[in-house]
Amino acid sequence: MTIKDIAKLAQVSVSTVSKILNHKDDDIGEETRKKVLKIVKQYQYTPYSKVREVAVGRSYLFAVILPENLYYKEELIVSIEKYTVYNGYNLMVYFTKTQSDEIKYIQILSGKNIDTILLYPIAEQKESIELLEKQKIPYLILTKVHQFPQALQVYGNYEKATYIATKHLIKYGHRKIGLLLHENRHSNDCKEGYMQALFESDILFESGNVFIGQDEQETGRIGAHQFINRNLSAVVCENEIIACGTYAACERHATRIPKDMSIVCIHTLGFYKTLHPKLDIVSLNLHEVGKQAIEMILQKIESKKDIVYHTKGIEPILIQGESVSNPFEKVHGAYQKIIVVGSMNVDNIINVEKLPTDGETLLSNHLAILPGGKGLNQATATGKLGGLVYAIGSLGNDTDGKKLYHCLVQNGVKTEGIRFSTSHSTGKAYINVAKDGESTIVVYQGANEELDTYQIRQHQKLFQSAQYCLLSLEIPQKTAIYTIKMCHETGVSVFVKPATIETLQCDILPYIDYLIPNEKEIHKIVPGNFSIEQKAEMLYQRGVKNVIVTLGSKGCYIRNEQYHLFFEAAPFEPQDTTGAADAFISAFAVALSEGKDMINAVVFATYAAGISIARLGAQPSMPDRTTIDLYQAEIMEKVAVMKQRVNCFEKE
Ligand code: RIB
């Protein structure tokens, strides 16, 4: 390749090429200059290297210096390298551990006729940049450096990214938003972006909603734990290491993503793809950072034009995943804690023509093994209906126990109160279901036997912050009585399902806010030849604040200070009545926790029980919120009828 060849390729004269190569090109247009230099670079024109060293002073080498522990260093280097090579240069990479490394590399490179240095400073000290200034090497900084406004700067814009992430959550209706940061130079920028977004939406900034951790691995876990306790509904994580910790904390606290906690992450390296549900991310757009950095520095060293922008924060990009939704509390109103204390079993359900009588043996060819137990049924139903639910129970340390635990977590139940027994296997129930839907149950208690007063006491703090406790008496009686008293002491309203109990001590009755027996159970608790109404009245007179007798297809009867009232059952065809009372109790508590009045709550609960009897199994038959909401119009009609009836009684 000769100078003539270059002139021919560039369609210019030989003297033009010569002027350019000898840096005597003031009268030559920029376009022509660029065209010629491009060909020179492309064909590696040998004499040119000499020319450039002597006349132009170029080595065609760029160097990038950046911290070894920079979170996204590979991504940034790949992008810088791509555009360096694309423009005919080569790249050398230097990693720093300390600031003295940085100074050392700048000094070494200064003596090497390098064309430019791209620096990602390891710290915010000014020595390195001052040294670059002194050495008169063209340089560009890959972060934001406030003290040097004249320095070329192209960087991933953390402030804007955090602003976009917070705005994204606000758009979904979140107002209780946390920020999880690892202590580093971006912390302040992130906080600024977060505060700006809150400010623009009239949301008060609370310092407790920003957690800045020292240990990156632990930041997500510890910070998210605090945010869950503060009832925040959404969080912005500074990076995916923190996001992973947040996912782990949510799993541990049975906090559903995104239903209970929406998560947005600033920038990811890609391993977030294994997270489920898929993360919503605000990418720092590092590809563009590399591209624009090279374009800006080339403009300085190759072109004679002035650079208009010295500082360029690259616009981040929002990539939507599945980790953000509307906040749960917005949809369903109140957000009060409901504790469920009760049995957790594996149900062995056998379908028979009719229930066996004494001494009778029946054959069946239909067996189902499903999650169950009154405690587990009530906890999962409460979760499915959108309640904020915490379960206390005991499982065996076996496969069944793990399956039941998983079932709780899947349904949004918080499981800090669950323990695994080392000496008992998971409880089991043997259930016969007849063709008309009626059933009988025998329970092998297993690990449920170990649910003791100590375990309840351990969760005293939870009781102090809760509103309701659903207690079913398939657990040791001592524990049940202790729980009722704990509820009384901590001001929690307790709902008692008196299954498997022969008698209820009179002195405990005034501590019970809601006693919910079925027909058989009330006859056991109050023996004698009296009507349901009379028995409910007796219990009420002895101190139970609300007696609610569930009557299967006949609905239910309520006796309290305000009412003695029958409610009809919801119109569903019975398939299997097992678990209907659990559905009723949970729905009733969820409705009250949302601020519904007694009549509304009872009608809502009759529909939950109705949907449950129309399905097979106990736990799987518990309705979710969407299903029950399909009957909203019917429910409202029934509520209106009941309220009218009550008004008529009151007038009489
Ligand atoms: O209320 C129904 C439940 O009672 C069943 O799931 C069974 O396990 C027993 O606890």
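The shown structure was predicted, so the numbers you read here are calculated from the model rather than taken from an experiment. First listed ligand is number 1; within each ligand, the first listed atom is number 1. Index from 1, following the sequence.
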Using a strict 4.0 Å threshold on nitrogen-to-oxygen distance, state whether [X] and [Y] make a salt bridge.
| X | Y | result |
| --- | --- | --- |
| K461 | E416 | no |
| K520 | E438 | no |
| E521 | K524 | no |
| K278 | E322 | no |

#### Entry: Aromatic plane relationship, F227 with F211 - under 30° parallel, 30 to 60° tilted, over 60° perpendicular
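Correct class here is perpendicular.
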### Task
Fit a plane to each ring of Y607 and F572, take the angle between them on a 0 to 90° scale, and name the class: parallel (under 30°), tilted (30 to 60°) or perpendicular (over 60°).
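Taking F572 first and then Y607, their aromatic rings stand perpendicular (interplane angle over 60°).
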Which atoms of ligand 1 sit under 4.0 Å from any heavy atom of [X]?
| X | value |
| --- | --- |
| A618 | 6 (O) |
| D347 | 5 (C), 6 (O), 7 (C), 8 (O) |
| I441 | 4 (O) |
| G372 | 6 (O), 8 (O) |
| D582 | 1 (O), 2 (C) |
| A429 | 7 (C), 8 (O) |

### Query
Looking at atom 4 (O) of ligand 1, what's its closest protein heavy atom, distance included?
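Here the closest protein heavy atom is K374 NZ, 2.7 Å.
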### Message
Looking only at distances, can you tell me whether any N or O atom of G373, backbone or side chain, sits closer than 3.5 Å to an N or O atom of ligand 1?
### Response
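So ligand 1 has an N or O lying under 3.5 Å from an N or O of G373.
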### Message
Any nitrogen or oxygen of N345 lying under 3.5 Å from a nitrogen or oxygen in ligand 1? Just yes or no.
### Response
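So ligand 1 has an N or O lying under 3.5 Å from an N or O of N345.
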### Atom of V547, atom of A536 and distance for their closest heavy-atom approach
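Nearest heavy atoms, V547 then A536: CG2-O, 3.7 Å.
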### Query
N345 and side-chain contact (heavy atoms from CB on, under 4.5 Å): which partner among K428, E474, K374?
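Testing N345 for a side-chain contact (heavy atoms from CB on, under 4.5 Å) against K428, E474, K374 leaves exactly one candidate, E474.
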### Query
Which bit of E474 gets closer than 4.0 Å to ligand 1, counting heavy atoms only: side chain, backbone, both or neither?
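Just the side chain.
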### Query
How does L376 reach ligand 1, by side chain, by backbone, by both or by neither, if only non-hydrogen atoms under 4.0 Å count?
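Neither; nothing of L376 gets under 4.0 Å from ligand 1.
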